[in-house]
2 protein chains.
Amino acid sequence: MKEVLPQLNSTFSIDCVLFGFDEGELKVLLIERNEEPFKDWWALPGYLVNENESLDQSAARILHELTGIENVYMEQFYTFGDVGRHPQGRIISVAYYAMLRLGGDKALKPISNYAKQAHWINVQELPPLAFDHQKIFDQGLEKIKRRIKHQPIAFELLPEKFTLTQLQNVYEVILGKKLDKRNFRKKMLSFNVLKDLNEKQKGVSFRAATLYRFDKRKYGKLFGKEISF
Amino acid sequence: MKEVLPQLNSTFSIDCVLFGFDEGELKVLLIERNEEPFKDWWALPGYLVNENESLDQSAARILHELTGIENVYMEQFYTFGDVGRHPQGRIISVAYYAMLRLGGDKALKPISNYAKQAHWINVQELPPLAFDHQKIFDQGLEKIKRRIKHQPIAFELLPEKFTLTQLQNVYEVILGKKLDKRNFRKKMLSFNVLKDLNEKQKGVSFRAATLYRFDKRKYGKLFGKEISF
DNA sequence: ATATACCGTGTAGATATTACACTAAGTAAT
DNA sequence: ATTACTTAGTGTAATATCTACACGGTATAT
């Protein structure tokens, strides 16, 4: 017999699509739900918005409560409001995305027990997702594909010091296609936003590559690169 | 003495930013409010979302009720949710935009008496707007500026048959800068989305220009024009 | 006939994009 | 020390795109 769930009276929520890059793979942050509906399903971190907080504040709070992650700049990308998207009533959800530096240090520890656990999952191997979260994820992925072509957000996924090959890998994984090494380097360096650290990669069993850092002072030069009239 | 307004319990709304082009000017559709708060102020057409309609449906309904306009394809562009944005409580607003062909035929006739009247106003001469509508408008304008560079939406503002000079005017007004005539034509024609109608403009007191029509079949070629890696 | 106002066109130089392959340098194994 | 292995790092030529720039053509109005 089907349990009857109560109607919810807060009518909007936030869902977060967080991307990370690790071991050459693009990952997304998912939680395992601990409550009905969709108990034990995987879902994007998301919850109801409080009355007294802005959407941006709410997104930060919800992410923190469900995953333990703090201090991430997320940006809104779409609002989902189909009538049947939530079984407990009309819930409109504002979706946020961000790209994150995955360090081994940051453990994922949900604070609220609304989430059993949080994990970074390879976007190629997503489990079935709760609600319309597959759709939200798909649109989030499209969003970063478009953005990565216009602004240098790929850096946000890498450690502070990175090699050009690692950077190229990020582009290849997100765009889903191989790029030419020489052309990629030529173009990337021409933007003048990378600082050569005169330092080599460590701990690799082959010729070590030069490390670069993203140079914030020069960032401005890249804004506004679009097709022009 | 300040009148006390009731709290509203529906917690989200839609606001529409509709752009039109007429007599060489970019215009936006505003209504004059007939209810508190902001009675007698100008505002973007917007109202509360019903329980049983999707956001897209709601946007279409609200636009129709407040302005009489129907059958416009609007697209969501941002959701505004600051705590203090509405004096009667926490109201989150999903903003939509569209670009419209202004024909002399379509009269603006509000159905709901929530709007006294609706008018196309030159974006250079906006009156003070209710709520945070100036902010919503500004972001809508930014949105079409970005989009016009990537996709041929400028056609949507012109009559079915138009001249290249008219088309160039639309770009110039939206982008806020002069463009080179020869380069503009070369580029626009290279996209292969314009059909030469072998027909001339009528009723002008100078050499008549060739009329073109936007060719939907070829539209696909323009999608995906972005900076490339 | 003449003045007026907009239409419609080409080119050269600069810049950006694409396609393409080999040597150099470090590590690991023997 | 030699060798095998793996990734780093580099240049050029052909093509396409972008930019800047000026004048004769044609319809209308007087």
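These values consider heavy atoms only, across backbone and side chains, with no hydrogens, waters or symmetry-generated copies. Just so you know, these numbers come straight off a predicted model, no measurement behind them.
If you measure from atom CE of B/M188 to atom C1' of D/dT17, you get 16 Å, rounded to the nearest angstrom. As a whole-Å value, the separation of B/Q201 CD from D/dA27 P is 13 Å. A/L179 has its CG atom 13 Å from the C1' atom of C/dT17, to the nearest Å. For A/Q168 and D/dT7, the CD to P distance is 13 Å, given to the nearest whole Å. In this structure, A/K178 atom NZ and C/dC20 atom C1' are separated by 17 Å, rounded to whole Å. Atom CD of B/Q166 is separated from atom P of C/dG8 by 11 Å (rounded to the nearest Å). Per the geometry, CZ belonging to B/F191 stands 12 Å off C1' belonging to D/dC18, to the nearest Å. The distance from atom CG of B/L164 to atom C1' of C/dT9 is 12 Å, rounded to the nearest whole Å.
Residue B/L189 is the one, among B/L189 and A/K181, whose nearest nucleotide of DNA chain C lies closer to the 5' end (criterion: closest heavy atom).
At the phosphate of C/dA16, neither OP1 nor OP2 sits under 4.0 Å from any side-chain N or O atom of A/K187.
Taken from CD in B/E172 to NZ in B/K181, the straight-line distance is 10.5 Å, to the nearest 0.5 Å.
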So which protein nitrogen or oxygen atoms get under 3.5 Å of nucleotides 11-15 of chain D's nitrogens or oxygens?
from, atom 1, to, atom 2, distance (Å)
D/dG11, O6, A/R182, NE, 3.4
D/dG11, N1, A/R182, NH1, 3.4
D/dT12, O4, A/K186, NZ, 3.0

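Taking 4.5 Å as the limit, every side-chain heavy atom of A/P110 sits out of range of all side-chain heavy atoms of A/L66. Here the side chains of B/W120 and B/L18 are in contact, with some heavy-atom distance below 4.5 Å. At a threshold of 4.5 Å between non-hydrogen side-chain atoms, the residues A/I69 and A/L100 count as touching.
If you check every strand for non-hydrogen atoms under 4.0 Å, B/T163 touches nothing. If you check every strand for non-hydrogen atoms under 4.0 Å, A/S190 touches nothing.
Using bins of under 30°, 30° to 60° and over 60° for the plane-to-plane angle, the ring pair B/F131/B/H133 lands in the tilted bin. Relative ring orientation between B/F77 and B/Y97 is described as perpendicular, the plane-to-plane angle rising above 60° on a 0-90° scale split at 30° and 60°. Using bins of under 30°, 30° to 60° and over 60° for the plane-to-plane angle, the ring pair B/F155/B/F162 lands in the tilted bin.
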With a 3.5 Å cut-off and sequence neighbours excluded, list the donor-acceptor pairs that the side chains of residues 200-214 of chain B form with protein atoms.
from, atom 1, to, atom 2, distance (Å)
B/K200, NZ, B/T210, OG1, 3.1
B/Q201, OE1, B/A209, N, 3.0

### Query
Base, backbone or nothing for each nucleotide of nucleotides 22-30 of chain C, written B, S, -, heavy atoms under 4.0 angstrom, 5' to 3'?
--BBBSS--

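Here the closest non-hydrogen pair linking B/C16 and B/A59 is SG-O, 4.2 Å.
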